2 protein chains.
Amino acid sequence: MVSVQEIANLANVSQSTVSKVLNNYPDVSEKTRKKVLEIAKQLGYVPNASAISLVKKKSSIIGVIYEVTSGFGNLFFSAILESFRSNAENNGYTIILLSQNEEKKKEYWMHCVSHNIESVFIISTKDQSVIETELKNHGIATLTLDPLYASSSPISTDNFEAMLLSLHYLYDLGHRAIGFIQGSLHSYVGKERLNAYLHFVKEKNLPSLFIPHIDNALYSLQQGYDTTSTLLNQFDHLDAIACCSDVLAMGAIYCLQDRGYHVPNDISIMGFDDLRISEITRPRLSTIRQDSITIGKIACETLLSMNSSNQSVPPILIKASLVVRNSTKKKESSIISTLYEFQ
Amino acid sequence: MVSVQEIANLANVSQSTVSKVLNNYPDVSEKTRKKVLEIAKQLGYVPNASAISLVKKKSSIIGVIYEVTSGFGNLFFSAILESFRSNAENNGYTIILLSQNEEKKKEYWMHCVSHNIESVFIISTKDQSVIETELKNHGIATLTLDPLYASSSPISTDNFEAMLLSLHYLYDLGHRAIGFIQGSLHSYVGKERLNAYLHFVKEKNLPSLFIPHIDNALYSLQQGYDTTSTLLNQFDHLDAIACCSDVLAMGAIYCLQDRGYHVPNDISIMGFDDLRISEITRPRLSTIRQDSITIGKIACETLLSMNSSNQSVPPILIKASLVVRNSTKKKESSIISTLYEFQ
DNA sequence: TTGAAAGCGCTAACAG
DNA sequence: CTGTTAGCGCTTTCAA
């Protein structure tokens, strides 16, 4: 490993001069700068991150807690991680995957302290409120994606607006009897989506077609199926159903098909997330796309701007977008459909 | 941050003694050891990883290149990463996510050299042969998951045996006209699966029902659909189709359904991978499960046992297992089905 | 069994 | 503009 010392020797200057060149200090003559740079390049100099971290008391490492229970959501989370990583990289930061060591009882914050890490991005399907607090207590800034709790610095899709987008789209298609399949009732994210539905039906003066007490915490196929079944039993008529996830929507479609309905001819179905599966279902799923690229980017920028004295930021909400595929359809008014029948 | 120095002062011993205690050296009296340990605990001592890495010229960091083009396979890769991470963790290692910095022209190996990283696990859907060589040239050991090329130290499912497992299962179900939908013809993994099919039909003296020139490099739904279509046009009769991925298998099912076949009553379909989607298709997919837990574990152990002088290992092959769901069925002999018709 | 001293590779005052 | 010096937190001879 080539050191600053070696470069200094060959260039006939001192270590500090080399250091200044390498760190782009202005107080070095052009001539010296060139010479040093050339020799450094020739020798294939690579700075020693440990030494720098040691002396600067600050590393160029961002911690990431990535604990995602295996599931479809993974694809969304890993897309965000990738976007986050690439942004961190472009800012000269490296990503370390944080974890707890059960055996050695090493906590997350210890890893951070040990590696001089100042900020941590939390991507988790579990409640990490304790860890978040612990990290903050140790002077480490955190940002939490889709927190399940009232995080002091959360980032997520603007779920309220996103669900409204879904509902307005169905409304504009002419649907008025719009059912709703909620996700988790205990997560912030899930509550926001439900609130949007409640707000919407009130505003538009529509019937509220959903089953209040059901908690689809798993966002699973079966939960989608069962909730749809209940919905169908409870309410006479449904034009459309807005679901809180793509997988729930698939469950809804299966249930409707089993009961002899055609999607989208009889009922329109909206998903949420735009996972890859929404491309391979039959019919392909109209849904709401969460913008993983932007979330990763903003998360990174925010975290880099935070520091131990400025550890919290107001909640960050990222805009989602509508993706129209084949599970939704304009409602044909009865008059028109009657006309058609006569043709 | 508490330092060794501080502990030494409070314990009335020297730094070196503290260091010896902390590193479990034997030549310290029990009394001193206890005292030091207690004070360290009281003070909440956390070792400075940079300082240790600097002086030992070796970090406890493993690099991971994780570059997976967005797709269903992601779930498999991320499961492996998770298993790998947890094993590394239990061995006292931390994971760093490696990457190239386009802007600053920083290469993977530079990250490694800079952080004193000795080994790298490559999880990538791209050809990383150049990078693998580059890393090895810099004295960094690598292990590559499912390499697309002839890697010097690959780890993967035993794809030959795994596909054989699939084929034998179909055979035991009574199927004799067994079609095959290959994946990529240019990857090692894809070739192994094809070879298994070729080997199998020859051994059992069965008709070879596959389309040689098709390269389903994307393993996509559409490719599965189209290949099935060609298969159906080309061959009179098919009892079953063994596919090289779950997504290809889904494409096959859609195609068969569109042509009026019932899966599994008319044709049995085998997937490969056991992605989560295989649980939510209709019918649910019988498939081959790749053992991500074991792969991650063995990968980690192997990498930790490698070092700059011992940089290559023979190919590591992990056993896969059969998962039976609803897309496969015992073949009813014509006599029996005829009998049924008379009932 | 303990401690003094040197040094890992680098940066940052500060003096010249 | 350049160099001297000290020191980041730790380990490791080597001497006591």
Side-chain angles (χ1 to χ4, degrees), chain A residues 1-37 39-40 43-61 92 94 110-118 138-139, chain B residues 1-37 39-40 43-61 92 94 110-118:
Chain A
M1 191 166 180
V2 184
S3 70
V4 165
Q5 185 64 260
E6 293 177 55
I7 300 174
N9 291 152
L10 283 173
N12 280 318
V13 293
S14 72
Q15 275 194 60
S16 45
T17 302
V18 174
S19 175
K20 280 170 191 166
V21 172
L22 262 21
N23 290 289
N24 286 316
Y25 279 61
D27 58 342
V28 184
S29 74
E30 230 8 78
K31 199 180 144 200
T32 312
R33 181 181 303 278
K34 260 195 172 162
K35 188 166 59 177
V36 168
L37 249 23
I39 293 176
L43 261 43
Y45 171 76
V46 178
N48 184 319
S50 304
I52 295 172
S53 163
L54 185 58
V55 66
K56 287 202 177 166
K57 286 167 175 281
K58 146 170 196 355
S59 70
S60 295
I61 299 178
T94 300
M110 289 198 191
H111 272 104
C112 296
V113 171
S114 183
H115 288 278
N116 278 316
I117 291 171
E118 293 175 326
H138 287 272
Chain B
M1 193 167 178
V2 184
S3 71
V4 165
Q5 185 64 260
E6 293 175 53
I7 300 175
N9 291 153
L10 283 174
N12 279 318
V13 293
S14 72
Q15 275 192 60
S16 43
T17 302
V18 174
S19 175
K20 280 170 191 165
V21 172
L22 262 20
N23 291 287
N24 285 316
Y25 278 61
D27 59 341
V28 183
S29 73
E30 234 2 84
K31 199 181 142 199
T32 311
R33 182 182 303 280
K34 261 196 171 161
K35 188 166 60 178
V36 168
L37 249 23
I39 294 177
L43 261 44
Y45 171 74
V46 177
N48 184 320
S50 304
I52 295 173
S53 163
L54 184 59
V55 64
K56 288 202 177 167
K57 286 169 176 281
K58 149 172 194 350
S59 71
S60 296
I61 299 178
T94 301
M110 289 197 191
H111 272 105
C112 296
V113 172
S114 183
H115 287 278
N116 278 315
I117 291 171
E118 292 174 326

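Each chain gets a letter, A, B and so on, in the order its sequence line appears, and its residues count up from 1. Model, not experiment: these values are computed from the prediction.
Among the atoms of the strands shown, base atoms are found under 4.0 Å from some heavy atom of B/Leu54. In this structure, B/Asn48 reaches the sugar-phosphate backbone alone: every heavy-atom distance under 4.0 Å involves primed, P, OP1 or OP2 atoms, never a base. Residue A/Val55 is classed as a base contact, given a heavy-atom separation below 4.0 Å to a base.
Taking only side-chain atoms of B/Ser29, from C-beta outward, the nucleotide of D/dC10, D/dC1, C/dT1 with the closest atom is C/dT1.
The interatomic distance linking A/Tyr25 (OH) with C/dT11 (P) rounds to 8 Å, in whole Å. If you measure from atom NZ of B/Lys56 to atom C1' of C/dC8, you get 13 Å, rounded to the nearest angstrom. Per the geometry, CD belonging to A/Glu6 stands 11 Å off P belonging to C/dC8, to the nearest Å. Remark: C1' of D/dT2 and CG of A/Asn9 are 16 Å apart, rounded to the nearest angstrom. Rounded to a whole Å, the NE2 atom of B/His115 is 13 Å from the P atom of C/dC10. For A/Gln5 and C/dC10, the CD to C1' distance is 11 Å, given to the nearest whole Å. Between A/Ile7 atom CD1 and C/dC10 atom P there is a gap of 8 Å when expressed in whole angstrom units. Rounded to whole Å, atom P of C/dG9 lies 16 Å from atom NZ of B/Lys58.
Between B/Leu10 and B/Leu43, the closest side-chain pair of non-hydrogen atoms falls below 4.5 Å. When side chains are defined from C-beta on, A/Leu22 counts as touching A/Leu37, because their heavy atoms get closer than 4.5 Å. In this structure the side chain of B/Asn116 never reaches within 4.5 angstrom of the side chain of B/Lys58, judged on heavy atoms.
Closest approach of A/Asp27 and A/Lys20 over heavy atoms only: OD1-CD, 3.9 Å.
In this model, the phosphate group of C/dT11 is not approached by any side-chain N or O of A/Lys57 to a distance below 4.0 Å at OP1 or OP2. Residue B/Tyr45 places no side-chain N or O under 4.0 Å from the OP1 or OP2 atom of D/dG9. Within the 4.0 Å cut-off from OP1 or OP2 of C/dT2, at least one side-chain nitrogen or oxygen of B/Thr32 is found.
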Side chain to side chain contact (heavy atoms under 4.5 Å, CB included) between A/Val4 and A/Tyr45, worked out: CA-CA 8 Å; A/Val4 165; A/Tyr45 171 76; 3.6 Å; yes
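In this structure, NE2 in B/His115 is found 12.0 Å from OG1 in B/Thr94, a value given to the nearest 0.5 Å.
Taking for each of B/Arg33 and B/Ala51 the nucleotide of DNA chain C with the nearest heavy atom, the 5'-most of the two is the partner of B/Arg33.
The stretch residues 11-24 of chain B comes close to DNA chain D through B/Gln15, B/Ser16, B/Ser19, B/Asn23, each having a heavy atom under 4.0 Å from the strand.
A donor-acceptor pair shorter than 3.5 Å can be found between the side chains of B/Thr17 and B/Ser14.
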